[in-house]
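In what follows, a structure is listed as structure tokens, so that the remarks can point back to it.
Just so you know, these numbers use all the heavy atoms, side chains as well, and skip hydrogens, waters and symmetry mates.
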Amino acid sequence: MAKAISTFLMFSGQAEAALNFYQELFPNSSTLNIQRYGPEGPGKEGTVVHATTLLNGLPVMVSDSPVKHDFSFTPATSFFVDCDSEQEQQRLFTRLSENGKILMPLDNYGFSRQFAWVEDRFGVSWQLNLP
């Protein structure tokens, strides 16, 4: 039986920048631990071997892969955020879509009062819901 199930995001040299950005956006967020590659590698010195963070209470693990892969993130897997207000949703939409992509602009799609789907500059997808 599995002891735990966690979200894990693999980056290519941007793990710490992504963590810092996400922690800036979401209250109650902090890095619990971080291990970095040293001069011996195999990753670029200073990049993240493994880190665990809490994003508004949700545990998320990240890593910088020293191996170049033919894949990245897909919108089929995303973070779903229920926002408390239109102002919060607009703030997150604006910040997360900066240098990223808007997959579905803020609108009423019938299943939500207001909803948006964005891909941030790191390639991670976010669904922003206003219930």
Report task. First locate atom OG of S97, then atom CZ of R121, and finally report the distance between them rounded to the nearest 0.5 Å. Result -> 10.5 Å

Query raised in the report: Are V124 and F11 side-chain neighbours, meaning at least one heavy-atom pair lies under 4.5 Å?
Result: yes

Query - Any donor-acceptor N/O pair, S63 side chain to M10 backbone, under 3.5 Å - result: no

**Report entry** Within 6.0 Å of CD in E86, more than 12 heavy atoms from elsewhere
**Finding:** no

Report summary line: Residue set satisfying salt bridge (charged side-chain N to carboxylate O under 4.0 Å, His left out) with E24, at least two apart, ordered chain then number -> R95

Requested in this report: Indicate yes or no: at least one non-hydrogen side-chain atom of D120 is less than 4.5 angstrom from one of F79.
Outcome: no

Query raised in the report: Do W117 and F93 sit in the same hydrophobic cluster, where Ile, Leu, Val, Met, Phe, Trp and Tyr count as joined when their side-chain heavy atoms come under 4.5 Å apart?
Result: no

Requested in this report: Could you tell me which non-hydrogen atom of P42 sits nearest to which non-hydrogen atom of P66, and how far apart they are?
Outcome: O-CB, 3.7 Å

Requested in this report: Give a yes or no on whether the backbone of G13 and the side-chain of D64 come within a donor-acceptor separation of less than 3.5 Å.
Outcome: yes

Query - Shortest non-hydrogen contact between N108 and R113, atoms and distance - result: CB-O, 3.3 Å

Query raised in the report: Is any side-chain heavy atom of L92 closer than 4.5 Å to a side-chain heavy atom of L25?
Result: yes

Query raised in the report: Side chain of R36, backbone of T47: donor and acceptor closer than 3.5 Å?
Result: no

Query raised in the report: Is the shortest heavy-atom distance from the side chain of Q114 to the side chain of L128 under 4.5 Å?
Result: no

Report summary line: S12 and K68 have their tightest heavy-atom pair at CB-NZ, 4.3 Å

Query - Test salt bridge (charged side-chain N to carboxylate O under 4.0 Å, His left out) applied to E88 - qualifying residues, sequence neighbours left out - result: none

Requested in this report: Could you pull out the closest heavy-atom pair between S78 and Q127, with the gap in Å?
Outcome: OG-NE2, 2.8 Å

Requested in this report: Classify the angle between the aromatic ring planes of Y109 and F111 as parallel (below 30°), tilted (30 to 60°) or perpendicular (above 60°).
Outcome: parallel

Requested in this report: Test side-chain hydrogen bond (donor to acceptor under 3.5 Å, both in side chains) on E98 and T94 and set out the steps.
Outcome: CA-CA 6 Å; E98 285 173 1; T94 300; over 6 Å; no

Report summary line: On a heavy-atom basis, the closest approach of N129 and P131 is O-CD, 3.5 Å

Query raised in the report: Which class fits the ring pair F122 and F21: parallel under 30°, tilted 30 to 60°, perpendicular over 60°?
Result: tilted

Requested in this report: May I ask whether V62 and F71 are part of the same hydrophobic cluster, defined by side-chain heavy atoms of I, L, V, M, F, W, Y residues being less than 4.5 angstrom apart, directly or through others?
Outcome: no

Query - CA sep, side-chain torsions, deciding dist, call: F26, L58, side chain to side chain contact (heavy atoms under 4.5 Å, CB included) - result: CA-CA 11 Å; F26 296 99; L58 174 71; over 6 Å; no

Query raised in the report: Among the clusters formed by ILVMFWY side chains lying less than 4.5 Å apart, do M104 and F80 turn up in the same one?
Result: yes

Requested in this report: Check whether any side-chain N or O of T53 sits under 3.5 Å from a backbone N or O of S30 as a donor-acceptor pair, and report yes or no.
Outcome: yes

Query raised in the report: With a 4.5 Å limit on heavy-atom distance, are the side chains of L54 and S29 in contact?
Result: no

Query - Separation of L130 CG from Q87 CD (nearest 0.5 Å) - result: 9.0 Å

**Report entry** Full working for side chain to side chain contact (heavy atoms under 4.5 Å, CB included) between L9 and M61
**Finding:** CA-CA 6 Å; L9 303 175; M61 294 185 293; over 6 Å; no

Query - Steps toward side chain to side chain contact (heavy atoms under 4.5 Å, CB included) verdict (V48, I34) - result: CA-CA 7 Å; V48 177; I34 189 165; 3.8 Å; yes

Query raised in the report: Can you tell me how far CD of E119 sits from CD1 of I102, rounded to the nearest 0.5 angstrom?
Result: 11.5 Å

Query raised in the report: Is W126 reachable from L19 through a run of hydrophobic residues whose side-chain heavy atoms are each under 4.5 Å from the next?
Result: yes

Query raised in the report: Linking I/L/V/M/F/W/Y whenever any side-chain heavy atoms sit under 4.5 Å apart, do L96 and F73 land together?
Result: yes

